[in-house]
Visitor: 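The structure is given below, and queries will be raised subsequently.
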Amino acid sequence: MNPFSSGTRLRDMIRAIRACKTAAEERAVVRKESAAIRAAVGESDNEYRHRNLAKLMFIHMLGYPTHFGQMECLKLIAASGFPEKRIGYLGLMLLLDERQEVLMLVTNSLKQDLNHSNQYIVGLALCALGNICSAEMARDLAPEVERLLQFRDPNVRKKAALCSIRIIKKVPDLAENFMNPAASLLKEKHHGVLLTGLQLCTDLCKVSEEALEYFRKKCTESVVKALKDVANSPYAPEYDISGITDPFLHIRLLRFLRILGHGDADASDCMNDILAQVATKTESNKNAGNAILYECVETIMSIEDNSGLRVLAINILGRFLSNRDNNIRYVALNMLMRAITVDAQAVQRHRATILECVKDSDASIRKRALELLYLLVNESNVKSLTKELIEHLEVSEQEFKGDLTAKICSIIEKFSTEKIWYIDQMLKVLSEAGNFVKDEVWHALIVVISNASDLHGYTVRSLYKAVQTSGEQESLVRVAVWCIGEYGEMLVNSTGMLDIEEPITVTESDAVDVIEISLKNHTSDLTTRAMCLIALLKLSSRFPACSQRIKDIVVQNKGSLVLELQQRSIEFNSIIEKHQNIRSLLVERMPVLDEATYSGKRAGSLSATIPTSNGAAINLPNGVAKPTAAPLVDLLDLSSDDAPAPSSSGSDFLHDLLGVDLSPAPSQSGTSQAQKSGTDVLLDLLSIGTPPAQSSSFSSDILSTSQDNTTSSGNLQRLSSPSTPSAQISSAGGGSPIMDLLDGFAPNPATSDTNGPAYPSVVAFESSSLKILFNFSKPPGNPQTTTIQATFTNNSPNTFTDFIFQAAVPKFLQLHLDPASSNTLPESGNGSITQDMRVTNSQHGKKSLVMRIRISYKVDSKDILEEGQINNFPRGL
């Protein structure tokens, strides 16, 4: 027989293809076979039609085109014999999908076969319909499928249930027709039919609330009874897996109970007893039993509150943590992270086991256990857990130290109760993993040290001892160098000794040695070396005996190839040699750093969050450049038709920056004085010239008020920075020309009463984790001004820290922000942050309010930034 004739068998074609040594040979064989099949199709070869279609399906699976033989499927389906129909339906499912128009031609054949007297032909039609059913076919054939759910043969009922799932997914409107037949399947004794019936009911609940309520009322008890029968059934070889009867049915029943019990107290009460029985009597030695226990825990955590059951479920997860199988331990950790939001106290009982998982050899388990342990930390256990984690930090793998260090630092910062404990723990972390500590962490440590005046001596001595043994840790060296430069005399004189300290003797030369070694260390980077030079300059004034030695060290860096170090060395050497009279003033101790301001900067200040515009800059004296206003408006995507063109004058610059007009008003008395005062403010802001002494308080008030209270030309504001009180501004110099310039900056107490007309609240911004609600009111007699109260709600299971809200408005609007109620947003809607703001619309009645917002916060020490634009303000604001 011709090897490429239509009569060849499929096995002969497969042998010919397998014998091919190259892709080209395979393509040649397939091309010849395809040609023979085309010829047979054209000749209507009925004898070998089924054989040709079988070969066509194999060619399709190899990836070659087979569209020319699709109609052969329909012809075989229309045949009367079972073998032909079997090949026809197989080809239909493989070669066609619901997008093919030719599929409509098979609807009538399917309808006939669904009503066929041969149950096997009915099964073929159900399989095909369940695989390729389109919405149109679902509407046409749904009655036949619904009828077959009551068919005498269980295999047909099972296939009809699976086909029904496809139908309701394609046409959810048909779900109502399948509720009663599906409910009857839940009473089946045949496990296969019961499994498919449960899946059908589950999908009906997903597409129809009506079906969910129907099954809750009618089927909860029958499902509970079915689970009880399966759990108590004797040994059955047909369904037994590892000594457990049909774990697949167990799991499907538990999942359906989870859906029925969620949000319904009555249904939950009905299933409490059987869930407790499954949780206590299921064997956990085999994987099948563990799978059932896991689903049982999922169900218990999803239904309505039952504290006893939840404790039992969490104890099961605790046993999972002791299992040798890493997969079981990982899923237990995942489930415990969800359970902690429901019953944190029950999870706390397994804290020791979770801590052991942090030390596991598997990286994924270590990471997940660390995340869970971080959620378990509270004020009562923070010290013990921090001690354990730091001890593990000493022996942990290098690739894990980064994550572990970040979590430890976050825990110390979040739960520190006293500064000495904070400093001690941070020094331990810096000594063990200083190279893994982020910059903002050791910056924060310096801020805390600066504010702990009674601990300066203790801290500098502790750092001196730590750097002797851990000098290779970069972050530790930086903090030590900074502290020695600031408090070196306290180190030498043993000032402020605490009872817990052991006395040490440190000379001035020893202190300089530490900085010199760090400066010359080849592993030190530019930041560390620059800090060393600054510390040496400070010590040159505080240690007169070492002044010449310090000068020699500084001079050695005058020829450095690093420009920054070279410039610092030359400047510092000049100060040491030529400016002895002012050196002590230049190297005074740093003032106490403001912790609140630093927290705001960490979360994202204006300079950090808004990139520099590429627009033209206006050059001012002393190297200060002013970006034009228009690029900033473009950057914030806030357009204003009446926005003025950028100007190059210094007064326009201050007007753009602060919303203060310093332009002279001709032919008015006192104008020159006002202009002079305004110019002095500008010079003071830009460090240009020498402003009069009496204007310094005014400039300070202007700077704080404008930066924190007023947004103009798209300027952003920080939520965490408190605004300057109006009383302070008005008392600084009432009636002066400068206060005239500040008109509109300070809030007017007379207009603080917000009893204006009511406006509907709006959801200004909503993401998967954060929701912002705006409430509006109008002060009486001032239609241009709108008072807005923003309420921030956290929908995620994680607490937001360092929460900062920033806003920008177009030029025709003025924005005033009051301080926020907090900068920590509790998880899962357990609290909220409120923030009041006041917007003045100069184009009231002509233009609507619009606002661009930016929200930054931290989740587990990770910076999160969200942005959005609010355009849905109520009309008339």
Visitor: For Leu129 and Leu114: C-alpha separation, side-chain torsions, deciding distance, then whether side chain to side chain contact (heavy atoms under 4.5 Å, CB included) applies.
Guide: CA-CA 10 Å; Leu129 188 61; Leu114 289 174; 4.3 Å; yes
Visitor: Between Pro154 and Val193, what is the shortest heavy-atom contact and its length?
Guide: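 Taking Pro154 first and Val193 second, the nearest heavy atoms are O-CG2, 3.4 Å.
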Visitor: Do we see a donor-acceptor contact under 3.5 Å between the side chains of Ser364 and Asp362?
Guide: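 Yes.
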Visitor: So, for Ala211 and Met179, which heavy atoms are closest and what is the spacing to 0.1 Å?
Guide: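 In this case the closest contact between Ala211 and Met179 is CA-SD, 3.3 Å.
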Visitor: Going by atom types alone, do Asp140 and Thr107 pair a side-chain donor with an acceptor below 3.5 Å?
Guide: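 Looking only at side-chain atoms, Thr107 and Asp140 do not form any donor-acceptor pair under 3.5 Å.
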Visitor: What residue pairs, at least two apart or across chains, pass salt bridge (Lys or Arg N to Asp or Glu O under 4.0 Å) with a residue in residues 278-296?
Guide: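 Qualifying pairs, neighbours excluded: Arg255-Glu295, Arg258-Glu295.
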Visitor: Hey, are the side chains of Arg216 and Glu213 touching, using non-hydrogen atoms and a 4.5 Å cut-off?
Guide: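 Result yes, sub-4.5 Å side-chain heavy-atom pair found.
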Visitor: Quick one: does any side-chain atom of Ser268 pair with a main-chain N or O of Gly261 as donor and acceptor, under 3.5 Å?
Guide: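 Judged by distance alone, yes, a pair lies under 3.5 Å.
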Visitor: With sequence neighbours left out, write down each residue that passes salt bridge (charged side-chain N to carboxylate O under 4.0 Å, His left out) with Lys170, or none if nothing qualifies.
Guide: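 By the salt bridge (charged side-chain N to carboxylate O under 4.0 Å, His left out) rule, Lys170 matches Glu98.
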Visitor: Tell me the closest heavy-atom pair linking Cys163 and Val145, and the distance in Å.
Guide: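 Shortest heavy-atom contact: SG-CG2, 4.0 Å.
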Visitor: Might you confirm whether atom CD of Glu304 has over 12 heavy atoms from other residues, nucleotides or ligands at distances under 6.0 Å?
Guide: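 Atom CD in Glu304 is packed in, count exceeds 12.
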Visitor: Specify the closest pair of heavy atoms between Asn290 and Ser284, including all atoms of both residues, with the distance to one decimal.
Guide: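 Closest pair (atom of Asn290, atom of Ser284, distance): OD1-O, 3.3 Å.
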Visitor: Report yes if the side chains of Phe320 and Arg329 come closer than 4.5 Å at any heavy-atom pair, otherwise no.
Guide: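 No, every pair of side-chain atoms sits at 4.5 Å or beyond.
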Visitor: Can you name the one residue among Thr196, Leu200, Leu126 that meets side chain to side chain contact (heavy atoms under 4.5 Å, CB included) with Ser164?
Guide: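 When Thr196, Leu200, Leu126 are each tested with Ser164, the side chain to side chain contact (heavy atoms under 4.5 Å, CB included) holds only for Leu200.
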Visitor: Name the residue from Ile855, Ile870, Val763 that meets the side chain to side chain contact (heavy atoms under 4.5 Å, CB included) definition with Ile772.
Guide: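 Among Ile855, Ile870, Val763, the one meeting side chain to side chain contact (heavy atoms under 4.5 Å, CB included) with Ile772 is Ile855.
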Visitor: Do the charged groups of Lys225 and Asp229 touch, with an N to O distance under 4.0 Å?
Guide: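 Counted as a salt bridge, because a side-chain N and a carboxylate O are separated by less than 4.0 Å.
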Visitor: Checking side chain to side chain contact (heavy atoms under 4.5 Å, CB included) for the pair Asn306/Asp269: CA distance, chi angles, key distance, verdict?
Guide: CA-CA 9 Å; Asn306 185 309; Asp269 290 340; 5.5 Å; no
Visitor: Any donor-acceptor pair under 3.5 Å linking the side chain of Ser761 with the backbone of Asn775?
Guide: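 No; judged by distance alone, with no hydrogens or angles, the pair does not exist.
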Visitor: When you measure from the side chain of Thr341 to the backbone of Arg338, do you find a donor-acceptor pair of N or O atoms at a distance under 3.5 Å?
Guide: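 Flag set: sc Thr341 to bb Arg338 pair under 3.5 Å.
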Visitor: Please tell me whether Tyr294 and Glu298 have a donor and an acceptor in their side chains that are separated by less than 3.5 angstrom.
Guide: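 Indeed, the side chains of Tyr294 and Glu298 share at least one donor-acceptor pair under 3.5 Å.
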Visitor: Is there a side-chain contact between Cys205 and Phe256 in this structure, where contact means two heavy atoms from C-beta onward sitting under 4.5 Å apart?
Guide: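 Result yes, sub-4.5 Å side-chain heavy-atom pair found.
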Visitor: Report the C-alpha distance between Ser769 and Asn795 in whole Å, list the side-chain angles of each, state the deciding distance to 0.1 Å, and finish with yes or no for side-chain hydrogen bond (donor to acceptor under 3.5 Å, both in side chains).
Guide: CA-CA 5 Å; Ser769 57; Asn795 298 323; over 6 Å; no
Visitor: Report the distance from atom CG of Asn131 to atom CG of Leu94, rounding to the nearest 0.5 Å.
Guide: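 Separation between the atoms: 10.5 Å.
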Visitor: Measuring from atom OG of Ser208 to atom CZ of Phe215, what distance do you get when rounded to the nearest 0.5 angstrom?
Guide: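 Nearest 0.5 Å value for the OG-CZ distance: 9.0 Å.
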Visitor: Using a strict threshold of under 4.0 Å (side-chain N to carboxylate O), is an ion pair present between Glu26 and Arg31?
Guide: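 Looking at Glu26 together with Arg31, the answer is no, because their closest N to O distance does not fall below 4.0 Å.
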Visitor: State whether a side-chain donor-acceptor pair under 3.5 Å links Ser184 with Gln150.
Guide: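 Checked: Ser184/Gln150 side chains pair up, N/O donor to acceptor below 3.5 Å.
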Visitor: Test your reading of the model: is there a side-chain donor-acceptor pair from Asn794 to the backbone of Pro826, 3.5 Å cut-off?
Guide: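 Checked: pair present.
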Visitor: Just grab all the side-chain hydrogen bond (donor to acceptor under 3.5 Å, both in side chains) pairs involving residues 112-122, residues at least two apart or on different chains.
Guide: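 Qualifying pairs: Lys85-Asp113, Tyr89-Asp113, Asn115-Arg147.
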Visitor: Would you mind telling me which of Ile303, Val297, Thr280 makes a side chain to side chain contact (heavy atoms under 4.5 Å, CB included) with Leu275?
Guide: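 Filter result, single survivor: Ile303.
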Visitor: Working to the nearest 0.5 angstrom, can you tell me the gap between Asn798 CG and Glu371 CD?
Guide: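 Answer for the CG-CD pair, Asn798 versus Glu371, is 9.0 Å.
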Visitor: Side-chain contact, heavy-atom cut-off 4.5 Å: Phe792 with Leu773?
Guide: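 No, their side chains stay 4.5 Å or more apart.
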Visitor: Kindly give the heavy-atom pair with the smallest separation between Ala175 and Ile168, and that separation in Å.
Guide: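 Taking Ala175 first and Ile168 second, the nearest heavy atoms are CA-CG2, 4.1 Å.
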Visitor: I'd like to know whether Arg157 forms a side chain to side chain contact (heavy atoms under 4.5 Å, CB included) with Leu149, so could you lay out the CA-CA distance, the side-chain angles of the two residues, the decisive distance to 0.1 Å, and finally the verdict.
Guide: CA-CA 5 Å; Arg157 294 201 300 272; Leu149 287 172; 5.9 Å; no
Visitor: Is a side-chain N or O of Arg368 found less than 3.5 angstrom from the main chain of Leu333, in a donor-acceptor match?
Guide: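 Flag not set: sc Arg368 to bb Leu333 has no pair under 3.5 Å.
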Visitor: So, Gln277 versus Asp273: side-chain donor-acceptor pair below 3.5 Å or not?
Guide: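 No, no side-chain donor-acceptor pair sits under 3.5 Å.
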Visitor: Below 4.5 Å, heavy atoms only, C-beta onward: do Ile314 and Asp343 meet side chain to side chain?
Guide: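 In short, these two side chains touch, coming nearer than 4.5 Å.
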Visitor: Which heavy atom of Leu198 sits nearest to which heavy atom of Arg252, and what is that distance?
Guide: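 Looks like CB-CG, 3.4 Å.
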Visitor: Would you say Ile165 and Gln199 make side-chain contact, with heavy atoms under 4.5 Å?
Guide: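 Yes. Closest side-chain heavy atoms under 4.5 Å.
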Visitor: Does the pair Leu770 and Thr793 meet the rule for a side chain to side chain contact (heavy atoms under 4.5 Å, CB included), with working shown?
Guide: CA-CA 6 Å; Leu770 180 65; Thr793 306; over 6 Å; no
Visitor: In Å and rounded to the nearest 0.5 Å, what is the CE to CG distance from Met335 to Leu321?
Guide: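 Output value for this atom pair is 12.0 Å.
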Visitor: With a 4.5 Å heavy-atom cut-off, do Arg27 and Tyr64 have their side chains touching?
Guide: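 They are in side-chain contact.
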Visitor: How about Asn871 and Gln869: does a side-chain donor come under 3.5 Å of a side-chain acceptor?
Guide: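 A donor-acceptor contact under 3.5 Å links the two side chains.
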Visitor: Looking at CD1 of Ile167 and CD of Glu144, how far apart are the two atoms once the value is rounded to the nearest 0.5 Å?
Guide: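 It comes to 9.5 Å.
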Visitor: Rounded to the nearest 0.5 Å, how far apart are CG of Leu249 and CG of Leu194?
Guide: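 The CG atom of Leu249 sits 5.0 Å away from the CG atom of Leu194.
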Visitor: Indicate yes or no: at least one non-hydrogen side-chain atom of Ile300 is less than 4.5 angstrom from one of Cys296.
Guide: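 Side chain of Ile300 against side chain of Cys296, heavy atoms only: contact under 4.5 Å found.
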Visitor: Backbone N or O of Thr245 within a donor-acceptor pair of the His250 side chain at under 3.5 Å?
Guide: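 Indeed, once roles are kept as given, a pair shorter than 3.5 Å links the two residues.
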